Amino acid sequence: MKQLSGYLRSALYNIRHNKAYAAFCILGSALTFVFIIILLQLAYVISNDAPPLTNSSRVVQIGEDFTNRSGESIDGLTLRGVVQMRDLVEGYETYAISHNESGILQVNDQVRSVLVNFINSDYWQVNDFEFIAGRPFTKEDYAAAKPVAMIKQANARAYFGNEPAVGREVEFQGNTYEIIGEVADFSFLTNEYASLWVPYKYNKYLPSGMTSYTISYLFPEQMPETVMKQNVARALQFYFQQANEDVEIDPGKMMTQKEVRLSQFGDRMLTYGIGLIILLLMIIPAVNIVTLSIADANAQATEIAIRRAMGATRMNTFIQKMSEHFILVMVGMLLGLVLVYPTISIVETIFLDVMTGEGVRMFGRMNYWIILYEVLPLCIFFSLISGGIPAYLISKRNIADTLKGGTKS
């Protein structure tokens, strides 16, 4: 313990007297880990069942359009088709319907562009949103005279500031809705881009003119995926036969919500692409830090040689230099963690709000287990590759040559 304390005191002393070097290492590490943390968080959202898609592995999804045998595009299931399919599909627990329309929202004396999702009440059972205020609407709310709506946290803050959103009103497609619930922000990588959810009975299909819906069937946990897909495919094939549509439904091409997400963003991208990007993010700044570290080590060569002459071993010298570098990299990683949300906010404001709509977020809440189990080991690895080389070179130098002014062992 006394020896460790000595390493730390020596490292802190060198850091205080080499402020430019310390600042470069900290800022270089911070920039590296800002992007590493963001990449790992996004990879987690894509590859895991993060809210609201905690059930994605047992939800089979039907899209809003199909292609017949002639290669022509035909509409998917309208509300009438949804009702027919309800009795045709076997073994499911419940289902959700979804239809997105973009348009102008009037709210709190403001005019906003928004994407609204028209859904059924079981949508909240299929998709596991985190409610931070109010409640989801139910079947009883569909029959009520007053239209109701749910809103996303980011949009609630944008429209109402710090005031509660529940109880406020918004107007869309000529209908005035009372907000009865607010859900926490989530990543756009879940394929949900809407900021407002309302009952499908109020859908005027404007401005798209499309009347078809996406349907998501939730199956029991113990049911195999192949059986889920076969049940949906069989029912869908029968539906199109009854509608005299020449469409072939292949169960092998049916997809769960999770498979849809992975096919869109690429499972190979997760396996190879993100790993390669993270490796490059570490190697490029590491090369610069190694160069600067070698120069800093040369400046301390005489001091280190004197310590060696007084009894310090090569291992002592190596650990001393690595302790200094590890402190700098660790501080840089913590600074990077602090800078993650400001960086994301800039990206969301400049790109996502423009391309996808207001309130779209890269990811909802940060998963801090990723910091502990993935980022911290990467921090240690980064310390070793960027600080280990100069520490090794300085530790193996010949004492006599160094004190005579030489630089090589």
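Nothing here was measured: the structure is a model prediction, and the numbers come from that model. Values reported hereafter were calculated over all heavy atoms of this structure, with side chains retained and with hydrogens, waters and symmetry mates removed.
- Under 3.5 Å, the side chains of T190 and E192 contain no donor-acceptor pair of N or O atoms.
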Walk me through it: do M150 and L196 pass the test side-chain contact (heavy atoms from CB on, under 4.5 Å)?
CA-CA 6 Å; M150 299 291 300; L196 200 73; over 6 Å; no
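- You'll find the side chain of E72 stays beyond 4.5 Å of the side chain of T67, heavy atoms only.
- Defined by atom type and a distance below 3.5 Å, a donor-acceptor pair is missing between the side-chain atoms of H99 and T214.
- The 12-atom threshold is exceeded at CZ of F66, counting heavy atoms of other residues, nucleotides or ligands nearer than 6.0 Å.
- Between R157 and E182, the closest heavy-atom pair is NH1-OE2, 3.1 Å.
- Within the 3.5 Å criterion, the main-chain N or O of S98 finds no donor-acceptor partner in the side chain of Y200.
- More than 12 heavy atoms of other residues, nucleotides or ligands sit less than 6.0 Å from atom CZ of R69.
- In plain terms, the two heavy atoms of Q257 and Q61 that are nearest each other are CG-OE1, 3.2 Å.
- In this structure, the side chain of Q41 engages the main chain of N367 through a donor-acceptor pair within 3.5 Å.
- Aromatic ring orientation, F188 versus Y193: tilted (interplanar angle from 30° to 60°).
- The number of heavy atoms from other shown groups lying within 6.0 Å of NZ (K253) does not exceed 12.
- In this structure the side chain of E171 never reaches within 4.5 angstrom of the side chain of V107, judged on heavy atoms.
- Contact of the R135 side chain with the I180 side chain is registered, since non-hydrogen atoms from C-beta on lie closer than 4.5 Å.
- The ring pair (Phe, Tyr, Trp, His ring centres under 6.0 Å) check on F381 picks up nothing, with sequence neighbours excluded.
- Here the side chains of I74 and F240 are in contact, with some heavy-atom distance below 4.5 Å.
- Using a 30° and 60° split on the angle between ring planes, F172 and F118 fall in the tilted class, from 30° to 60°.
- The heavy-atom pair separating A154 from D185 by the smallest distance is N-OD1, 2.8 Å.
- Side-chain contact check for Q125 and T94: no donor-acceptor pair (N or O, by modelled atom type) lies under 3.5 Å.
- Side chain of T54 to backbone of A50: no donor-acceptor contact under 3.5 angstrom is found.
- Side-chain contact of D49 with S56: a donor-acceptor pair under 3.5 Å is present, judged by distance alone.
- Proximity of V148 to P199: side-chain heavy atoms (C-beta onward) are separated by under 4.5 Å at one or more points.
- Between N100 and Y213, the side chains place no donor N or O within less than 3.5 Å of an acceptor N or O (distance only, hydrogens not considered).
- Distance check, rounded to the nearest 0.5 Å: CD1 of I278 to OG1 of T32 gives 11.5 Å.
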Given side-chain contact (heavy atoms from CB on, under 4.5 Å), test L115 with S195 step by step and report yes or no.
CA-CA 6 Å; L115 184 67; S195 301; 5.6 Å; no
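- For OH of Y373, the number of neighbouring non-hydrogen atoms (other residues, nucleotides, ligands) closer than 6.0 Å is 12 at most.
- The backbone N or O of L105 sits nowhere less than 3.5 Å from a side-chain atom of R112 that would complete a donor-acceptor pair.
- Contact detail for A184 and I132: the closest heavy-atom pair is CB-CG2, 3.8 Å.
- Atom-to-atom distance recorded for L218:CG and M228:CE is 8.5 Å, nearest 0.5 angstrom.
- Here the closest non-hydrogen pair linking E90 and R234 is OE1-NH1, 4.4 Å.
- Taking CG of D141 as the start and CD of E178 as the end, the distance is 9.5 Å to the nearest 0.5 Å.
- E169 and K146 are joined by a salt bridge, as a carboxylate oxygen and a charged side-chain nitrogen come within less than 4.0 angstrom of each other.
- When ring centroids are compared, W197 and F137 stay outside the 6.0 Å threshold.
- The aromatic rings of F186 and F129 stand perpendicular to each other, their planes meeting at an angle above 60°, with 30° marking the opposite boundary.
- Between Y177 and Y202, a ring centre-to-centre spacing shorter than 6.0 Å is recorded.
- More than 12 heavy atoms of other residues, nucleotides or ligands lie within 6.0 Å of OH in Y205, so this atom counts as buried by the packing criterion.
- No hydrogens or angles considered: a donor-acceptor pair under 3.5 Å links the side chains of N108 and R168.
- Applying the salt bridge (charged side-chain N to carboxylate O under 4.0 Å, His left out) definition to pairs two or more places apart or across chains, those involving residues 122-133 are E130-R365.
- Contact check for F33 versus V329: side-chain heavy atoms found under the 4.5 Å cut-off.
- A donor-acceptor pair shorter than 3.5 Å cannot be found between the side chains of Y44 and N48.
- Relative orientation of the F219 and Y217 rings is tilted, given thresholds of 30° and 60° on the angle between their planes.
- The two residues G332 and S29 make their nearest non-hydrogen contact at CA-CB, 3.9 Å.
- Taking CD from Q106 and CD from Q110, the interatomic distance works out to 11.5 Å, rounded to the nearest 0.5 Å.
- S263 places a side-chain N or O within 3.5 Å of a backbone atom of E259 that can act as its donor or acceptor partner.
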